[in-house]
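Residue numbers start from 1 in every chain, and the chains themselves are labelled A, B, ... in the order their sequence lines are given, proteins ahead of strands.
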Amino acid sequence: MNKELEHSFVELLEKHQNIVHKVCRLYTDNYDAHNDLFQEITIQLWKAYPKFRGDSKFSTWMYRVGLNTAITLYRKSKRRVNTQDFDGVEFRIKAEDYDDTEEQQLKTLYKAVHELNDIEKALVFLYLEDKDYREISETMGISEVNARVKMNRIKNKLKTILNP
Amino acid sequence: MDELELLKKDWKKQDAGYKQLTSNEIYPILQKKSSSIVKTLFYISIAELVFWTLINCIPFFTSGSYRERLDEIYSDTLVITGLTIISYGVILLFIYLLFKSYKAICVIDNAKKLMESILKTRKIIKYYVIYNLVMAFISMVIAMYLAILHNSELSHAIEKLNNKQLFIFFGIIILFTGVFVLLIWLFYRLIYGLLLKRLNRNYKELKKLEV
């Protein structure tokens, strides 16, 4: 692949890399795993980049490739070793932003989201990224009605976890 | 407040928390090799094609006596030519189907379609394995039968057996061959089971949403 293509890809990825980080954050629970998945998503994005025609936004396209890699293609690498957990490190909720109750509630919520299955996580992720149900259904390959129904079930599930 | 709305509010604040990679750090990643299940599946299918082709060819090319025996046993050249054409035809057909299904796997498809493409590829490999195992079973049983028929000592020994003993004798041969084939099949199930466990689980979950 030519240098120009590589350069434009790297430039776009650098700008939108948070999308990949956020997918990694939902599907992994430590730094090594995060980096490993980030690497695999980047490789998949790069492999598919020549097919990217620019008729959709690069970020929209990234959501699809990122989630597909996390849900379907990613095979946990053996080189990974369990190290530090995310909880309480990079993504800790800053005390000054929230009161105690809200902070605690958020911690429980993040923990609850991590316990969801891969498909539920994907729906939550797209929801958190402000995607409408049409886009969620197109990304997942399910009907819009089913996406809504599932999302409501997830909300109830989270509610139950938070208020047992 | 809705739990997810609370989470969304916080989710957006976290953007600044991720370690930002510079372009100099991204370039080396592009040179790395993918370790996706599609790649693994691809290597396994190639290994299977090579393995079964070698199993069929190696004894024929390496052992002169084996070749002579085969020539003797399968003296009907029309049958043997027909069988060879069919078996190579089947291999070529599987290579074509595999190639086609790999080309159909596209990471920019929606999640469900991507999973279906991978599962379809896996199915083609499965059929290839089943075909080989069935052929292995049939040819082992036939080969044993022909070996006995062409070996005068064994033939005489078998002639002395009564019907019940003969039945038990062939029963044991078929049973052992069956167990051997079954063990290979279980081995395959284990490999694919482990590799595609997560994909199967997620696909079922997506399908469940349609009910």
Side-chain angles (χ1 to χ4, degrees), chain A residues 6 9-11 13-14 17-18 21-22 25 38-40 42-44 46-48 51-52 61 64-65 67-69 71-75 77 90-91 93 97-98 102 105-106 109-110 113 117-120 122 124 127-130 138-143 146-147 149-150 154-155 158-159 162, chain B residues 1-41 105-118 195-196 198-199 201-211:
Chain A
E6 200 176 59
F9 172 77
V10 171
E11 207 170 73
L13 182 63
E14 195 182 358
Q17 63 179 288
N18 271 349
H21 280 303
K22 284 189 256 188
R25 181 179 178 199
F38 188 96
Q39 193 172 299
E40 187 60 44
T42 304
I43 295 169
Q44 293 299 334
W46 173 229
K47 269 167 60 186
K51 287 181 197 154
F52 172 66
W61 184 77
R64 196 174 268 222
V65 178
L67 280 177
N68 272 341
T69 308
I71 296 170
T72 307
L73 301 178
Y74 180 56
R75 204 165 51 87
S77 161
E90 193 178 352
F91 300 105
I93 297 127
D97 289 343
Y98 309 102
E102 198 170 287
Q105 209 173 4
L106 275 166
L109 258 169
Y110 275 114
V113 169
N117 67 42
D118 289 346
I119 303 298
E120 290 170 335
V124 168
Y127 183 85
L128 292 178
E129 290 293 301
D130 263 340
E138 280 172 3
T139 309
M140 301 306 293
I142 55 175
S143 74
N146 286 335
V149 171
K150 186 68 184 169
I154 297 170
K155 280 181 188 173
L158 291 174
K159 216 173 265 210
L162 278 178
Chain B
M1 189 195 222
D2 187 319
E3 279 75 12
L4 273 179
E5 292 307 316
L6 176 68
L7 199 62
K8 197 187 260 187
K9 202 178 86 184
D10 185 70
W11 185 254
K12 286 179 178 157
K13 282 184 195 165
Q14 304 241 346
D15 267 15
Y18 299 104
K19 181 186 172 279
Q20 296 298 294
L21 267 74
T22 63
S23 56
N24 284 338
E25 286 168 309
I26 295 172
Y27 277 112
I29 299 177
L30 308 188
Q31 311 308 322
K32 294 202 172 160
K33 286 198 161 53
S34 156
S35 60
S36 77
I37 58 163
V38 175
K39 202 139 195 204
T40 314
L41 209 59
I105 297 174
C106 182
V107 73
I108 46 178
D109 276 336
N110 66 49
K112 194 166 157 238
K113 190 149 183 274
L114 175 67
M115 289 181 197
E116 280 167 351
S117 309
I118 296 172
L195 181 67
L196 300 176
R198 192 152 153 254
L199 190 148
R201 192 181 60 216
N202 287 341
Y203 185 66
K204 269 185 205 153
E205 184 66 29
L206 269 183
K207 289 290 280 182
K208 224 164 66 184
L209 294 179
E210 287 175 349
V211 181

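Between A:Asn68 and B:Ala111, the shortest heavy-atom contact is OD1-CA, 3.1 Å. Between A:His21 and B:Lys19, the closest heavy-atom pair is NE2-O, 3.0 Å. Looking at every heavy atom in both residues, A:Arg64 comes nearest to B:Asn110 through NH1-N, 3.4 Å. Looking at every heavy atom in both residues, B:Thr40 comes nearest to A:Arg75 through OG1-NE, 3.0 Å. The shortest heavy-atom contact between B:Leu30 and A:Glu6 is CD1-CG, 3.7 Å.
The candidate with the highest count of non-hydrogen atom pairs below 4.5 Å against chain A, out of B:Asp109, B:Leu195, B:Leu41, is B:Asp109. Contacts with chain A were tallied for B:Asn202, B:Ile37, B:Leu199; B:Asn202 has the most, counting heavy-atom pairs under 4.5 Å. Note on B:Lys39, B:Lys113, B:Glu210, B:Arg198: by heavy-atom pairs under 4.5 Å with chain A, the leading option is B:Arg198. For chain B, the option among A:Val149, A:Asn146, A:Ile119 with the highest count of heavy-atom pairs below 4.5 Å is A:Ile119. Put simply, of A:Asn117, A:Val113, A:Val124, A:Ile142, the one with the most heavy-atom pairs under 4.5 Å next to chain B is A:Asn117.
With a threshold of 4.5 angstrom between heavy atoms, B:Lys33 approaches chain A through N, CA, C or O but not through any side-chain atom. If you measure heavy-atom distances from B:Ile105 to chain A, you find no contacts under 4.5 Å at all. Neither the backbone nor the side chain of B:Leu196 comes within less than 4.5 Å of any heavy atom of chain A. Interface remark: A:Thr139 contributes backbone atoms only to the contact with chain B (heavy atom separation under 4.5 Å). For B:Ile29, the parts sitting under 4.5 Å from any heavy atom of chain A are the backbone and the side chain alike.
At a threshold of 4.5 Å between non-hydrogen side-chain atoms, the residues A:Tyr110 and B:Trp11 count as touching. A 4.5 Å side-chain heavy-atom check between A:Glu14 and B:Glu25 finds every atom pair outside the cut-off. Inter-residue side-chain proximity for A:Ile71 and B:Met115 is flagged as met; some heavy-atom pair is nearer than 4.5 Å. Residues B:Lys32 and A:Ile43 meet the side-chain proximity criterion, which asks for heavy atoms closer than 4.5 Å. A:Tyr127 has its side chain within reach of B:Glu5: a pair of non-hydrogen atoms, C-beta onward, lies under 4.5 Å apart. Within the 4.5 Å cutoff, side-chain heavy atoms of A:Leu109 are placed close to those of B:Glu3. Contact annotation: the side chain of B:Tyr18 approaches that of A:Arg25 to within less than 4.5 Å [non-hydrogen atoms, C-beta and beyond].
Surrounding NZ of B:Lys204 are at most 12 heavy atoms belonging to other residues, nucleotides or ligands under 6.0 Å away.
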Task: side chain to side chain contact (heavy atoms under 4.5 Å, CB included) between A:Glu129 and B:Lys12, intermediate numbers included - done: CA-CA 8 Å; A:Glu129 290 293 301; B:Lys12 286 179 178 157; over 6 Å; no
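One side chain, A:Asn18 or B:Gln20, offers a donor N or O that lies under 3.5 Å from an acceptor on the other.
With respect to A:Asp130 and B:Lys8, a salt bridge is recorded, a charged nitrogen being found less than 4.0 Å from a carboxylate O.
Taking CD of A:Gln39 as the start and CD1 of B:Ile26 as the end, the distance is 12.0 Å to the nearest 0.5 Å.
In this structure B:Glu116 satisfies the side chain to side chain donor-acceptor pair (under 3.5 Å) test together with B:Tyr203, sequence neighbours excluded. The side-chain contact (heavy atoms from CB on, under 4.5 Å) test applied to A:Gln44 returns A:Glu40, A:Lys47, A:Val65, A:Thr69, A:Leu73, B:Ser34, B:Ser36, B:Val107, not counting sequence neighbours.
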